[in-house]
Amino acid sequence: SLVGSEMCIRDRPMTLMYTMSESDHDTIANAGGDAYSLGMQYKLSKTSRFYAGLSDYDGESAAGDTDYRTYILGLRHDF
């Protein structure tokens, strides 16, 4: 499920977003995992935005742990 919130800093809108999930596998023992993501987008001007995010997954499978974390940063400009 994706949940978001919007707020303003100095009359510029900033959007905050987060997701959370939990999964289990029916046919493989001890398989599944938990994940969450956090993100934000800050409007710099009419056509430019800065964005940042973090995703984290903590999983298990018969072959071992499958954990990862991802970071993103960027600048978007619409022409």
Side-chain angles (χ1 to χ4, degrees):
S1 62
L2 174 66
V3 178
S5 174
E6 189 165 308
M7 58 190 278
C8 291
I9 296 177
R10 296 185 185 165
D11 298 327
R12 297 189 191 270
M14 180 168 61
T15 305
L16 303 172
M17 297 162 283
Y18 66 92
T19 63
M20 296 171 48
S21 67
E22 183 178 328
S23 62
D24 292 318
H25 200 286
D26 293 334
T27 59
I28 300 174
N30 299 325
D34 299 320
Y36 71 88
S37 297
L38 304 169
M40 64 79 67
Q41 179 175 280
Y42 181 70
K43 190 169 185 177
L44 299 170
S45 67
K46 284 185 177 182
T47 58
S48 297
R49 293 179 202 96
F50 169 77
Y51 61 89
L54 162 73
S55 293
D56 187 73
Y57 178 75
D58 181 20
E60 298 175 349
S61 70
D65 290 339
T66 55
D67 301 338
Y68 61 86
R69 181 172 287 168
T70 305
Y71 302 92
I72 61 167
L73 294 171
L75 182 63
R76 175 180 168 171
H77 184 77
D78 298 325
F79 294 95

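Computed over heavy atoms, backbone and side chain alike; hydrogens, waters and symmetry mates excluded. Just so you know, these numbers come straight off a predicted model, no measurement behind them.
Residue Phe50 forms a side chain to side chain contact (heavy atoms under 4.5 Å, CB included) with just one option from Lys43, Met14, Met40, and that option is Met40.
Members clustered with Tyr57: Tyr68, by chain and number, using a 4.5 Å side-chain heavy-atom cutoff among hydrophobic residues.
Under the 4.5 Å side-chain contact rule for hydrophobic residues, Leu16 and Leu75 share a cluster. Under the 4.5 Å side-chain heavy-atom criterion for ILVMFWY residues, no single connected hydrophobic cluster contains both Leu38 and Ile72. Residues Leu73 and Leu44 fall within the same hydrophobic cluster, defined by Ile, Leu, Val, Met, Phe, Trp and Tyr side chains chained together at heavy-atom separations under 4.5 Å.
For Tyr36, the ring pair (Phe, Tyr, Trp, His ring centres under 6.0 Å) test picks out no residue, with sequence neighbours left out. Checked against ring pair (Phe, Tyr, Trp, His ring centres under 6.0 Å), Tyr51 has no partners two or more places apart in sequence or in another chain. Applying the side chain to side chain donor-acceptor pair (under 3.5 Å) test to Asp67 and every residue at least two apart in sequence or in another chain returns nothing. The salt bridge (Lys or Arg N to Asp or Glu O under 4.0 Å) test applied to Asp56 returns Arg69, not counting sequence neighbours.
For the salt bridge (Lys or Arg N to Asp or Glu O under 4.0 Å) condition, the pairs that include at least one residue of residues 70-79, sequence neighbours left out, are Arg49-Asp78, Arg76-Asp78.
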